[in-house]
Asker: 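Okay, here's the structure, questions in a sec.
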Amino acid sequence: MLNLFVYNTLTRQKEKFEPLHPPFTGMYLCGPTVYGDAHLGHARPAITFDIVYRYLTYMGMKVRYVRNITDVGHLTGDSDDGEDKLQKKAKADRLEPMEIAQRYTDSYHFDMDALNVLRPSIEPRATGHIPEQIEMIEKILANGFAYIINGSVYFDTLKYNEVFGYGELSGRNLEEIVSGYRENLEGQDEKRHPADFALWKKADESHLMKWSSPWSTGFPGWHIECSAMSTKYLGEKYDIHGGGLDLIFPHHEAEIAQSNACNHAPGFDHYGEAKYWLHCNMITLEGQKMAKSLGNGINLKELYTGKHPLLEQAYSPMTIRFYILQAHYRSTIDFSNVSLQSAEKALKRITDALKRLREIKGENRLVALNEDMEKNLKTFREDAESFMNDDFNTAKTIARFFEVVPVINQLYADRSGPLAVSAETLMQFSKEFETFFFDILGLKTEEDSAGGESDGMVQGLMNVITSIRSDARKDKNFKVSDFIRDELIKMNIKLKDTPQGTEWIKE
RNA sequence: GGCGAGAUGGCCGAGAGGCUAGGCAUCGGUCUGCAAAACCGCGUACACCGGUUCGAAUCCGGUUCUCGCCUCCA
């Protein structure tokens, strides 16, 4: 039974999540514009809504998750010079725009796979849905909410505002929006009103990506693709629309307006296409907004390898995922070396406990019950679910993991004596722990993600070296044993002498 | 200028009227040839000034500061 509450940007409060057609759930997330490698800012919404997807699935919903690829670049500047991001990049590198789009789509998939972000059910491309976008624009025109000038089509915000009221999602009204435009109005002469936005733009000769339409050879406007694709795959009304906070205005506001203007009779519904609008907050870097102009934009591959002047070391994708999940998705989150290093150690504390849990979970010894420990394990799932039910509070869920870690460690330390919890509880808890760790939070252990880092030969060599060293230590020949350890450390191989033998890790 | 979010112990970061989240670091301990690692233990903090209340970090008013959006942005 679903008992989930989500914060709806539209109403500015938490609401009980009730799918329109349970158990089916439709969810749309604004995906990346593929003109560059994914950066930290792309990781947050992908992970946030990956959690939503995973948790709803865990709760028995049949989720259709649509996340688009924008392969028509939105216009770059504030002027109407017809340049878009993809085209700019393509001209610079003498490539087809589609080559750029393909390259960075692949790159995006690689980075997201590393973060263990599940692929969506459908990943539609904007360029693959030009007819749908044209059709939608035609409907908006037919309903009288758009006008044609010189082969371009603009959304009539004033008219829309009279009928539906523009600005509900972002909490603005038209006068405020206009007052925010200041003097930057040059190049907008075609529009009747400064808040109007393009649905279709006529292309000039130099434009590489263009399609024919009833109005001109041109290309679709910034916002229409999401409305068209969400309508096609999820219907005129679906459950969840997600994105970053910065998309609320103007992108999502425009989407709502387009959908209302296209699909609904005046006054029918002013909430646009989705019932719940969810937005995750932004990521800052060392306290500052990430921006190319500030020179602090870090892409994910740089994080994974540590190759960036601001980074003191490489950070694994799981460290990044874990760090993001340690904060609530509606809070801003600041990335810094110390924070990431802290998260790396914290995650290791859990994965170490997970390894121990796997060793002891099947135990079926004499039981000397410890009530507190038993209760702690038994209520884990119930607690974790209640945290997740409260607007996906992964931070609290993770904190609950840390309440259970000392119990696992104690059970592990005492494994020569009687078991302090019942065997059934231990087995059941072990399953629930793994479900929340792997399936719901989507975390992995570093071994799972390392993937063939060290081949068989390296493993064999290391076994030889560590056994030589073990023998030397037994003979108290510390000169030899310390020499081996010191030389290996120079190659970033760290030795740890545990009671079970010597372990090694490459750093 | 308009709209919005926020200020929590050394750092990060939950919570949201009474039930001292959690992580990292520090410190102490166990273990160890030494080291590293691991494990155990340890912190009553909520920007400032008023008010409401038996009781406020949590509610109300004000002050200061920070950040985001208003133009493409995840």
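A, B, ... follow the sequence lines: proteins, then strands. Residue 1 opens every chain. Here the structure is a predicted model, which means the values were calculated and not measured.
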Asker: Determine whether a donor-acceptor pair (N or O, by modelled atom type, separation under 3.5 Å) exists between the side chain of A/Asn299 and the backbone of A/Glu302.
Answerer: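 Yes; judged by distance alone, with no hydrogens or angles, the pair exists.
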Asker: I'd like a list of close polar pairs between nucleotides 22-27 of chain B and the protein, N/O only, cut-off under 3.5 Å.
Answerer:
| from | atom 1 | to | atom 2 | distance (Å) |
| --- | --- | --- | --- | --- |
| B/rC24 | O4' | A/Ser342 | OG | 3.1 |
| B/rA25 | OP1 | A/Lys345 | NZ | 3.1 |

Asker: Please give, in whole Å, the distance from B/rG33 P to A/Arg485 CZ?
Answerer: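 Atom-to-atom, A/Arg485 to B/rG33, this comes out as 12 Å.
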Asker: Return the value, rounded to whole Å, for the distance between atom CD1 of A/Ile248 and atom P of B/rA74.
Answerer: 15 Å
Asker: Mind checking whether A/His252 and A/His223 have ring centres under 6.0 Å apart?
Answerer: no
Asker: Under 4.0 angstrom, heavy atoms only, what part of the nucleic acid is A/Phe401 near: base, sugar-phosphate, or nothing?
Answerer: nothing
Asker: Starting at CD1 of A/Ile47, measure out to CG of A/Asn116 and round the result to the nearest 0.5 Å.
Answerer: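 That separation rounds to 9.5 Å.
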Asker: In whole Å, what is the span from the CD1 atom of A/Ile408 to the P atom of B/rC39?
Answerer: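 In whole Å, B/rC39 P lies 11 Å from A/Ile408 CD1.
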Asker: Is there a side-chain contact between A/Ser331 and the phosphate of B/rG13, meaning an N or O under 4.0 Å from OP1 or OP2?
Answerer: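 Negative; the distance criterion is not met.
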Asker: Test for a donor-acceptor pair under 3.5 Å between the base of B/rC39 and the side chain of A/Arg356, counting only N and O atoms.
Answerer: no
Asker: Enumerate the residue pairs fulfilling ring pair (Phe, Tyr, Trp, His ring centres under 6.0 Å) with a member in residues 324-353 of chain A, sequence neighbours excluded, ordered by first and then second residue.
Answerer: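 As it turns out, the ring pair (Phe, Tyr, Trp, His ring centres under 6.0 Å) pairs with a partner in residues 324-353 of chain A, which skip direct neighbours, are A/Tyr323-A/Phe335.
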Asker: Dot-bracket for RNA chain B: what is it, with Watson-Crick or G-U pairs under 3.5 Å, [ ] where a pair crosses earlier ones, and | for a pair to another strand?
Answerer: (((((((..(((.....[...)))..((((.......)))).....(((((..]....))))))))))))....
Asker: Is it true that the NZ or CZ of A/Arg67 lies under 6.0 Å from the centre of A/Phe49's six-membered ring and within 45 degrees of the ring axis?
Answerer: no
Asker: Is a donor on one side and an acceptor on the other found under 3.5 Å between the side chain of A/Asp204 and the backbone of A/His207?
Answerer: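 Yes.
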Asker: Of all the nucleotides listed (B/rA74, B/rG33, B/rA14), which has the minimum atom distance to the side chain of A/Asn393?
Answerer: B/rA14
Asker: Could you state the NZ-C1' distance from A/Lys355 to B/rA37, rounded to the nearest angstrom?
Answerer: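 Rounded to the whole Å, the gap is 11 Å.
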Asker: Within the pair A/Asn409 and B/rA38, is there a side-chain N or O less than 4.0 Å away from OP1 or OP2?
Answerer: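 No, A/Asn409 has no side-chain N/O under 4.0 Å of OP1/OP2 on B/rA38.
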Asker: Any side-chain to backbone donor/acceptor pair from A/Thr351 onto A/Leu347? Under 3.5 Å, distance only.
Answerer: yes
Asker: Given A/Phe380, which of A/Phe437, A/Phe387, A/Phe402, A/Phe401 fulfils the ring-ring contact (aromatic ring centres under 6.0 Å, His included) condition?
Answerer: A/Phe401
Asker: Can you tell which of B/rA38, B/rC69, B/rA74 lies closest to the side chain of A/Lys348?
Answerer: B/rA38
Asker: State which of B/rC12, B/rG33, B/rA38 makes the closest approach to the side chain of A/Asp352.
Answerer: B/rA38
Asker: Strictly under 6.0 Å, is that where the ring centroids of A/Tyr160 and A/Phe155 end up?
Answerer: yes
